[in-house]
2 protein chains.
Amino acid sequence: MDKNQAVAAIGLFSGLGQRELAALAGVAETRRYARGADIFFAGEPAQGFFSVASGKVRIYQTSLAGKEHILHVFGPGEVFAEVAVFSGGVYPASAQVLEDGEYLFFPRERFRRLLKDEPDLAMNMLGLLSIRLRQLVKKLEDLSLREVPARLAAHLLLLQAQSRKRRLALDLPKGQLAAYLGTIPETLSRVLRRFSDEGVIILSGTTLEILDAGRLEAYAGVGGTGGGKEDASGGRGA
Amino acid sequence: MDKNQAVAAIGLFSGLGQRELAALAGVAETRRYARGADIFFAGEPAQGFFSVASGKVRIYQTSLAGKEHILHVFGPGEVFAEVAVFSGGVYPASAQVLEDGEYLFFPRERFRRLLKDEPDLAMNMLGLLSIRLRQLVKKLEDLSLREVPARLAAHLLLLQAQSRKRRLALDLPKGQLAAYLGTIPETLSRVLRRFSDEGVIILSGTTLEILDAGRLEAYAGVGGTGGGKEDASGGRGA
DNA sequence: ATTGGGCTTTGACTTACGTCAAAAACGGAC
DNA sequence: GTCCGTTTTTGACGTAAGTCAAAGCCCAAT
C-alpha cells in the first residue's frame with residue numbers, strides 16, 4: 001500500500017491539506033507485522049504512536065496471573081498509542097497484531113514538531129483524545145457497575161446497530177471477545193448459551209441472529225438479573 | 001477569591017502569558033457550590049468545563065441500582081469535564097461537591113475560540129487529556145485485573161508516597177473511598193480490618209499507619225505493568 | 001480421510017465480594 | 001452531657017463469576 005494514500009486515509013488527519021499530509025507521510029515509517037506479533041508491551045518507553053493501514057490490532061493489559069483485558073481493537077484508518085506523544089513515559093498497555101497488515105509509525109518528536117505548525121491537526125487530536133476518554137469512561141462504567149450479561153447484551157446490540165443486518169458476525173473470536181468484555185471464555189460461553197436457551201438469540205458458530213432485541217435491551221439497560229421482571233423502559237438516567 | 005488569581009493558579013494554564021490568562025479569566029464564570037450540590041449529572045448536555053478554585057469535587061457514575069463508582073476527586077487548581085469542550089454531546093459522568101468552595105466555569109464555545117489563537121494552551125490541553133487517559137487506563141486495569149485488597153494496598157502506598165509521613169490521613173471518608181476503589185463500604189471495612197489483623201497497618205479512625213510496606217507492596221502486586229511474567233505470590237497467609 | 005493443536009463448551013467446584021440486617025461508633029446540635 | 005442522624009463495622013448468607021479439568025469441535029496440514 002502506498003504510504004501517502006495510507007496517511008490520507010487516517011481519520012485523525014481528515015480536513016488537512018495536501019502539504020500537511022505529505023509532511024505527515026514524510027515522518028511516518030511503514031512497518032509490516034504478522035498475526036500474533038507484539039508491537040509494543042506495556043511498560044516500554046513510548047517512542048511514538050501508530051496507525052493501521054491494513055490489518056487489525058488489539059490493545060490489552062495483563063495481570064500477573066496472566067489474565068488479559070482488551071481495551072480496544074483497531075482497524076484500518078484508526079490510530080493508537082497516541083498517548084505516547086503528549087505525556088512521555090511508557091506505554092500504558094500492550095499492542096498485539098490480530099490480523100497481518102501494514103502499520104504506520106509516527107515518532108514522537110517529529111510529530112510534535114509538525115503539530116506546532118498545524119492548529120487543525122492539534123484540534124483533531126484533541127477531539128480524538130476526547131473520544132478515547134469517553135470510550136474508557138464508558139468501559140469503566142460497564143466494568144464496575146454492570147455484570148457480564150449486561151455487557152454482552154450491550155455489545156451485541158452495538159454490533160447490530162453497526163451492521164444493520166439481522167444476522168451478524170462476531171467481530172472477534174470468542175476468547176478475545178471475552179477478554180474485551182472483561183470476563184473469561186467459559187463465562188462468555190455460558191452467558192451466550194443462556195441467551196440462546198431463553199430464545200433471545202440464535203447462535204451458530206461465529207455468527208448469530210438477534211430474535212428479541214427488546215429483551216437484550218432489558219439486559220443491557222437494567223443491570224438486573226434479567227429474569228424478565230423488569231420492563232425495558234430505556235430511560236438513560238438523569 | 002479573586003477570579004484572575006484563581007485562573008492563574010490552574011495547572012492547565014501554566015506557562016501562559018498575562019494577556020492570555022486575562023482573556024481566560026474573561027470567559028470564566030465564578031460559581032459557588034455547597035457540599036452535596038450537584039454540578040452536573042451524567043447525560044446532561046455538556047456546556048463547558050470547570051476548574052476548582054477552592055473546595056473538592058467528585059466525578060462519579062451510578063448504576064440503575066444506585067451503586068456508585070468514583071472516577072476522580074479534584075481539588076484546587078485542577079480542572080474537570082474538559083471532555084465537554086472537544087467532543088460535544090453529554091457529560092459522561094456526574095459531578096458532585098464534596099467540600100464547599102468556588103468553581104470556575106468555562107463555556108465551551110468561548111473557550112474554543114481562545115484555544116484557536118493559543119497553541120501553547122492547546123498543547124497543555126493535549127497533555128492534560130493524555131494524563132487523564134493514563135489515569136483511566138490504570139483504573140481499568142485495577143478494576144478488571146486486580147482484586148480489592150490489591151487496589152486498597154496500592155492506594156495506601158500512593159497516599160504514603162504523597163504524604164511522606166508515617167501516619168497518614170485517608171483522603172476521603174471510608175464510604176467514598178470504597179466507591180473510589182470500585183467496591184462497597186462493607187468490603188472496604190473488612191479488608192482494612194484484615195490488614196490490621198495481619199499487622200500490616202494500624203488503623204484508628206480516619207488515619208492509619210503503615211507498619212509493613214513490603215507486605216502492602218506484595219498485595220498491590222509490585223512491578224505493575226510490563227511484558228514479563230512474574231510469580232503471583234500475593235501473600236495470603238498469616 | 002486422519003492427525004493434531006487451538007479454540008470452545010460443559011460440568012463440578014470454589015471464592016471473592018455483594019446483600020441484608022443489626023449493632024456500634026462518631027459527630028454535631030442543643 | 002444527651003440525643004439523633006449518619007457513617008462504619010460486624011455477622012450471616014447468597015451469588016456471579018472464576019478455576020480446574022475433561023470433552024467436543026473445527027480447521028489446517030499431512
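Basis for what follows: all heavy atoms, side chains included, without hydrogens, waters or symmetry-related copies. Chain letters run A, B, ... following the sequence lines, proteins first and then strands; every chain starts at 1.
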Between D/dA17 (P) and B/Leu145 (CG): distance, integer Å: 16 Å

Atom-to-atom span, CG of B/Leu143 to P of C/dC17 - whole angstrom: 11 Å

Closest nucleotide among D/dT19, D/dT9, C/dG18 to the B/Ile184 side chain: C/dG18

Side-chain donor or acceptor of B/Lys67 paired with backbone N/O of B/Ala179 under 3.5 Å: no

OP1 or OP2 of D/dA16 under 4.0 Å from side-chain N/O of A/Thr187: no

Spacing between B/Arg193 atom CZ and C/dA25 atom C1', to the nearest angstrom: 15 Å

5′-ward residue of the pair B/Gly175/B/Arg190 relative to DNA chain D: B/Gly175

Distance below 4.0 Å between A/Lys174 side-chain N/O and C/dC7 OP1 or OP2: no

d(CG, A/Leu188; P, C/dC7) in whole Å: 15 Å

Length of the CD-C1' vector between B/Gln176 and D/dT6, whole Å: 13 Å

Nucleotide nearest A/Pro185 (side chain, heavy atoms from C-beta), chosen from C/dT9, C/dG18, D/dG18: C/dT9

Whole-Å distance separating the CG atom of A/Asp197 from the P atom of C/dG11: 10 Å

Pair B/Phe50 + B/Phe40: ring centers closer than 6.0 Å: yes

Separation of atom CG in A/Leu203 from atom P in C/dT8, rounded to whole Å: 11 Å

Rounded distance (Å) that lies between atom P of C/dA16 and atom CZ of B/Arg151: 13 Å

For A/Ser51, all residues meeting side-chain hydrogen bond (donor to acceptor under 3.5 Å, both in side chains), sequence neighbours excluded: none

Side chain A/Tyr103, main chain A/Lys56, donor-acceptor under 3.5 Å: yes

Check: C/dC20 base within 3.5 Å donor-acceptor of B/Glu186 side chain: yes

Intermediate values then yes/no, side-chain contact (heavy atoms from CB on, under 4.5 Å), A/Lys174 and A/Leu192: CA-CA 10 Å; A/Lys174 288 188 184 143; A/Leu192 277 172; 4.1 Å; yes

